[in-house]
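Read through the structure below, which is laid out as structure tokens, and then see the notes.
For ligands, and for the atoms within them, numbers begin at 1 and follow the listed sequence.
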Amino acid sequence: MRNKDILEQMTPYKPGKRIDDVKNDYGLNRIVKLASNENPYGCSDQVYTYMAGATIPYHFYPDGYASELRKTLASKWHVSEKQLLFGAGTDEIVQMIARAFLYPGANTVMAAPTFPQYKHGAWIEGAEVTEVPLIDGYHDLSGMLDAIDDRTTVVWLCSPNNPTGCAIPENDFYTFMNACPSDVLVVLDEAYYEYMSKDADPHVLNNLDKYDNLIVLRTFSKAYGLAGLRVGYGIASESLIKKLDVIRGPFNVSSLAQEAASVAIQDNVFLEQTLQNTHAIKNSFEHFLDTIGWQYYDSETNFLLISTPISGTRVHQHLLENGFIVKAGEDIGAPRTIRVTIGEENDMEDMKGVLRQMNGKLDKE
Ligand SMILES: *Cc1c(COP(=O)(O)O)cnc(C)c1O
């Protein structure tokens, strides 16, 4: 068939192992999934309470304008309603951007390693991808500026970066924005925004007016715990949003997802509890890693990228056999690491035990 040639050179997204399969394969009763940076505390109870009583007309298409969620977010972030774009997860917004701005002959610049969907989207559109290696887990912004040429249409900044967790320092970000050609779209993916410490937040929404070529991406999948419902959004100038809105499917965010997100965003108690727990457990886990001498990157997120003394694949396998699903760095462009989502306290304590024992055996080898 006469499809795009690139499709034969690419592979579909490989989903992580299913919990039930891991249980069967290793004869385990309980599995802790720490591979996709989901919220281990679930989502706000108010979402379940609301949903139980809600009579959403499932036979109607959803509100294609997501009016209620739009109003809520516009007032929360002090932007106009026309500055928002919704997607079935941020993933879909990444696709819309690729579709609108990337084409054969265009070039796009991103860090390496970073969130894989940027490259995936770019390849499908036939654009050339320029990857600029991270420096100690951080974006090399001057290297990225140098990589921009007159064919560059999009630069992807992931802050905090997946998989390292490092956030771009505020000053560096604005220096970059001021030096970047104004006809190059800059995508600032803040999927882990809520987890960032106050000091790390570049308050980019306060400065959106200055940069017509900037779009900020946020999601309900991580700190709000709604990954299964698929809601993400972009915030940018009205003129940019209007262009991307041409690409968007008319009913791309389901009614259920819109309603759940509108409820979830109101529950600050749940959010704060998530952030507090994650922060405390992450600190404690970092402390443990210090004691066994394993290094990790500065993380402003709910996960840690940890350097491993043997291949990440082997550590991943050992953890799997003990009931923990984590990401092997070899699968995400970060060899000799594992990426671990910060789970609940007891689970992280158990994992410390498994790693301590494993590390002890390595010392003897
Ligand atoms: C998880 C993640 C996303 C995707 O989130 P969805 O809204 O669930 O599609 C986007 N960017 C980064 C960096 C992520 O880690």
Side-chain angles (χ1 to χ4, degrees), residues 12-16 33-40 42-43 66 69 73 84-99 108 110-122 131 134 137-139 154-168 173 186-196 200 202 204 215-235 244 248-249 252-254 256-258 260-261 264-265 274 278 297 299-305 325-327 329 331-334 337 339-342:
Y13 178 78
K14 188 167 139 258
K33 189 165 176 278
L34 303 172
S36 304
N37 307 332
E38 292 144 330
N39 188 331
C43 69
L69 183 57
L73 285 172
L84 291 164
L85 176 74
F86 293 94
T90 305
D91 279 348
E92 197 196 11
I93 302 197
V94 169
Q95 276 178 26
M96 290 184 223
I97 293 168
R99 206 167 163 207
T108 184
M110 63 191 70
T114 191
F115 190 57
Q117 290 304 306
Y118 313 148
K119 183 153 79 174
H120 191 90
E131 294 180 282
L134 299 171
Y138 287 86
H139 281 62
V154 183
V155 178
W156 306 85
L157 304 179
C158 186
S159 185
N161 187 48
N162 184 358
T164 53
C166 304
I168 296 172
F173 172 73
V186 178
V187 182
L188 180 67
D189 183 349
E190 293 190 323
Y192 299 93
Y193 175 76
E194 293 79 9
Y195 288 104
M196 271 202 279
V204 65
I215 183 165
V216 180
L217 309 184
R218 303 263 173 95
T219 183
F220 283 90
S221 298
K222 303 284 158 63
Y224 288 101
L226 296 181
L229 285 176
R230 317 303 302 125
V231 199
Y233 58 103
I235 316 173
L244 291 170
R248 187 181 64 82
N252 61 326
V253 182
S254 76
L256 197 63
Q258 289 183 34
I265 196 102
T274 289
T278 306
Y297 292 83
S299 170
E300 290 287 341
T301 65
N302 65 336
F303 62 82
L304 281 174
L305 189 71
I325 310 180
V326 303
K327 260 288 195 259
D331 293 343
I332 49 175
T337 66
R339 194 194 65 196
V340 179
T341 307
I342 303 302

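If you look at Phe220 next to ligand 1, there are no close heavy atoms at all, none under 4.0 Å.
Summary of contacts: the protein heavy atom closest to atom 11 (N) of ligand 1 is Asp189 OD2, 2.6 Å. At the top of the distance list for atom 8 (O) of ligand 1, counting protein heavy atoms only, stands Ser221 OG, 2.6 Å. In terms of protein heavy-atom proximity, atom 15 (O) of ligand 1 is nearest to Tyr192 OH, 2.7 Å. For atom 4 (C) of ligand 1, the nearest protein heavy atom (residue, atom name, distance) is Asp91 OD1, 3.6 Å. With respect to atom 1 (C) of ligand 1, the closest heavy atom belonging to the protein is Lys222 NZ, 1.4 Å.
At a threshold of 4.5 Å between non-hydrogen side-chain atoms, the residues Tyr118 and Thr108 do not count as touching. Within the 4.5 Å cutoff, the side chain of Glu190 has heavy atoms near those of the Val204 side chain. Using a 4.5 Å cut-off on side-chain heavy atoms (C-beta onward), Trp156 and Phe115 make no contact. Looking at Asn37 and Arg339, their side chains come closer than 4.5 Å, going by heavy atoms from C-beta outward. With a 4.5 Å cut-off on side-chain heavy atoms, Ile235 and Leu73 do not count as touching.
Ligand 1 lies less than 4.0 angstrom from a heavy atom belonging to Cys158. Residue contacts with ligand 1 leave out Glu92, since none of its heavy atoms falls under 4.0 Å from the ligand.
Heavy-atom contacts of Arg230 reach the following atoms of ligand 1: 6 (P), 8 (O), 9 (O) (cutoff under 4.0 Å).
Screening Leu188, Ile97, Asp91 for a side chain to side chain contact (heavy atoms under 4.5 Å, CB included) involving Leu217 leaves a single residue, Ile97. Among Thr301, Asn39, Ile342, the one residue that satisfies the side chain to side chain contact (heavy atoms under 4.5 Å, CB included) test with Thr278 is Ile342.
Polar contact check, Tyr118 against ligand 1: no nitrogen or oxygen pair lies under 3.5 Å apart. For ligand 1, one of its N or O atoms has an N or O atom of Thr90 under 3.5 Å away.
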Problem - Steps toward side-chain contact (heavy atoms from CB on, under 4.5 Å) verdict (Val94, His120) - result: CA-CA 10 Å; Val94 169; His120 191 90; over 6 Å; no

